[in-house]
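We use all heavy atoms of the structure for the numbers below, so side chains are in, but hydrogens, waters and symmetry mates are not.
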Amino acid sequence: MQRAHTTIPGPLPLLLLLMALSLALCACASSKAGLKSPELPARHWLEEAPGVPVENKAKLEAAVPNLYDPSKVFSFEDCVFLTIQQSPLLVNSAVELEIKRVALTNAVWKYLPEPRMTLTVSNNLTRYNMDHKDTPGDYGQTKFQVGFYAAFPNPVATYFEHQVQKAMVNLAIATHRKAVGEAIYKIAQAYLQLQAQSNIVKAQQELLPLGKELVDYWQQVESVEGRQGVSLNLAQQHQRELELMLEQTRMRETMQRTQLKILAGVEPQQRLNVDTDSADGILAGFDGRKLTWENRWPATEDDLLLRGQVKLADYNIMVAWAQYLPDMSLSLNNNPPSGQYQPASGSEDTFLHFNISFPLVDWGRRYRGVQTARMQKAQAFHEMARKRTDYSNNWLQAEQRVSLAETELKLAKTRLDTAAMQYKEAHISFNEGIEQFPEVAKRHEAEVQARVAYIKADLECRLARLEWMYVANLLQERFLGLPAKEIL
């Protein structure tokens, strides 16, 4: 620690003026402390929208105004930019970014000394020299001194702490981009699921007229035969079952829309018209089998964050080494050094003192600090290797899930084709008078159920491909671009 210090004797009026000024400042601070703490302004952290490429700024700024346009239908891209603007999922990382920016500003100001003022009031507790011949005339009187000094920080440590904070801001931007990428992934999942639920609703709606026709059929049969059997009751029960199945699917669709609103930061009661057909373009052009995880790993935010941790560890090592520098101070006062005492009747001299202070024994504290910083760097290297291995494993698992989902989709397509052929055969037999209507209705319902199963299998396949696309960082890259490698 370096210090510049000056001590100046002053009269009582100056002391009273300074005390009055201090009391005024304290009163001002007390009045401000009683005020309500300011809250974070709504979306104030989105003014710069860190991590969003310049070419997407216009779409980003138009997202919220479009929310209040009743005729606006939000495509997947529109909903992504709306989510970036106001999703509650992104608040924590965005506020953390603001905190790091404030810390960076604080690190810059640490280069400058911190001026301080001291007030000293002195008086004798004992007066043994009152009658001595060399005793000055003001002996035994109250003395007032006003002092000023400025503490200078360790220049080497301050420089590397500044570099640390700059890196922390950049890493906070990368962390925020990663959070935005996770939000984009969830929005894409919601759109695919909404589209599938909408298709399932359309398929199940075909069964309602079929159930009614089956009830009418058994009413005619039993009225002709003049009997009351269980077939009509069963048909009515089955019709009610079909209605409940459709209601269940619609409720799931409503829940998916509510979840999408929550992700986008929209009130659940607010209207949000979405274009589910835009989900077809989410996976357009993606083929994970043409990619390798070795090529995609450097394009991920995780790689940037881990390399940044290694860089931070380097800076922390230098900060630890900087603790070996001695403390230095510069003082300006009227305290004479040894051998330069003034006579009692003389005038006080002013002296400039340059002091260097370093411990003779610090019990290994600085050495342990350097070793700790080195071990933290080794830990960062091991974490990078572990994350890289985890990424390769996640890539392999995503590829396997896609392969499994594609096999299940083929199986569902085969079953759908079989059910469609059986329904077609039953329909032809019914037209030829060979088959009864209940059998045709049964085959038709089986074909619809097979179609629903195919839609679900297709959804699982698309979700698996979406996960692979997310792991490859291509989904996020479409909106955010590549990570900013130049920050390191």
- Item | Glu383 atom CD, neighbour heavy-atom count above 12 within 6.0 Å | yes

- Query: With no hydrogens and no angle check, is any side-chain donor or acceptor of Asp417 less than 3.5 Å from a backbone partner on Thr414?
  - Reply: no

- Answer yes or no: is there an ion pair linking Asp303 with Lys387, defined by an N-O contact shorter than 4.0 Å? no

- Item | Heavy-atom pair with the smallest gap, counting every atom of Ala450 and Arg415 | CB-O, 4.2 Å

Please report, to 0.1 Å, the donor-acceptor pairs under 3.5 Å made by any side chain of residues 104-112, with sequence neighbours excluded.
residue : atom : partner : partner atom : Å
Thr105  : OG1  : Arg101  : O            : 3.2
Tyr111  : OH   : His162  : ND1          : 3.2

- Task: Show your reasoning for whether salt bridge (charged side-chain N to carboxylate O under 4.0 Å, His left out) applies to Arg250 and Glu247.
- Result: CA-CA 5 Å; Arg250 283 175 172 167; Glu247 183 179 348; over 6 Å; no

- Donor-acceptor side-chain pairing of Arg374 and Gln371 below 3.5 angstrom: yes

- Query: Is there a donor-acceptor contact under 3.5 Å from the side chain of Tyr470 to the main chain of Gly181?
  - Reply: no

- Message: Could you report the tightest heavy-atom contact between Gln86 and Ala264, atom names first, then the distance?
- Response: CG-O, 3.3 Å

- Query: Can you find a heavy atom in the side chain of Leu291 that is under 4.5 Å from one in the side chain of Trp395?
  - Reply: yes

- Task: From the options Arg307, Arg177, Lys178, select the one residue that forms a salt bridge (charged side-chain N to carboxylate O under 4.0 Å, His left out) with Glu301.
- Result: Arg177

- Taking atom CZ of Phe381 as the centre, does the number of heavy atoms from other residues, nucleotides or ligands within less than 6.0 Å exceed 12? no

- Task: Decide side chain to side chain contact (heavy atoms under 4.5 Å, CB included) for Ser403 and Arg289; before the verdict, give the C-alpha distance in whole Å, the side-chain angles of both, and the deciding distance to 0.1 Å.
- Result: CA-CA 10 Å; Ser403 299; Arg289 293 184 174 88; 3.2 Å; yes

- Using 30° and 60° as the class limits, which term best fits the ring planes of Tyr315 and Phe160: parallel, tilted or perpendicular? tilted

- Item | Flag side-chain contact, heavy atom, 4.5 Å: Val448 against His444 | yes

- Query: Does the pair Asp280/Arg462 count as a salt bridge with the N-to-O cut at 4.0 Å?
  - Reply: yes

- Item | With sequence neighbours excluded, residues passing side-chain contact (heavy atoms from CB on, under 4.5 Å) with Asn92 | none

- Query: Yes or no on side chain to side chain donor-acceptor pair (under 3.5 Å) for Arg257 and Thr276, after CA distance, side-chain angles and deciding distance?
  - Reply: CA-CA 11 Å; Arg257 291 183 183 274; Thr276 56; 5.8 Å; no

Anything under 3.5 Å between a donor and an acceptor, one on a side chain of residues 183-190, the other on a protein residue two or more places apart or in another chain? List them.
residue : atom : partner : partner atom : Å
Tyr185  : OH   : Gln189  : NE2          : 3.2

- Pairing of Glu447 and Arg451 as salt bridge, 4.0 angstrom limit: yes

- Query: Do the side chain of Thr175 and the main chain of Leu171 share a donor and acceptor less than 3.5 angstrom apart?
  - Reply: yes

- Query: Heavy-atom distance under 4.5 Å between the side chains of Gln397 and Val471, does that happen here?
  - Reply: no

- Can any side-chain N or O of Arg388 pair as donor or acceptor with the backbone N or O of Trp297 at less than 3.5 Å? no

- Centroid-centroid under 6.0 Å between Phe479 and Phe81 rings: yes

- Taking all non-hydrogen atoms of both residues into account, name the closest pair between Leu263 and Leu89 and its distance. CD2-CD1, 3.5 Å

- Message: Counting C-beta onward and ignoring hydrogens, is there a side-chain heavy-atom pair between Gln193 and Met255 closer than 4.5 Å?
- Response: no

- Item | Donor-acceptor contact present, side-chain Asn199 to main-chain Ile455, <3.5 Å | no

- Message: Taking the six-membered ring for Trp, are Phe74 and Tyr191 closer than 6.0 Å centroid to centroid?
- Response: no

- Given side chain to side chain contact (heavy atoms under 4.5 Å, CB included), test Glu77 with Val80 step by step and report yes or no. CA-CA 5 Å; Glu77 184 180 80; Val80 165; 5.7 Å; no

- Shortest non-hydrogen separation from Glu253 to Leu194 and the atoms involved: O-CD2, 3.6 Å

- Which atom of Asn154 lies closest to which atom of Ala322, heavy atoms considered: ND2-O, 2.8 Å

- Query: Is Arg366 reaching over with its side chain to a backbone N or O of Gln323, donor-acceptor style, under 3.5 angstrom?
  - Reply: yes

- Message: If you count heavy atoms of other groups shown closer than 6.0 angstrom to CD of Glu206, is the number above 12?
- Response: yes

- Task: Keeping the roles fixed (side chain from Lys377, backbone from Asp314), state whether a donor-acceptor pair exists under 3.5 Å.
- Result: no

- Does one side chain, of Gln422 or Arg443, offer a donor that lies under 3.5 Å from an acceptor on the other? yes

- Item | Any donor-acceptor N/O pair, Arg478 side chain to Ile282 backbone, under 3.5 Å | yes

- Taking every non-hydrogen atom, the tightest pair across Thr83 and Leu90: O-CD1, 3.7 Å

- Any salt bridge between Glu445 and Lys442, counting N to O under 4.0 Å? no

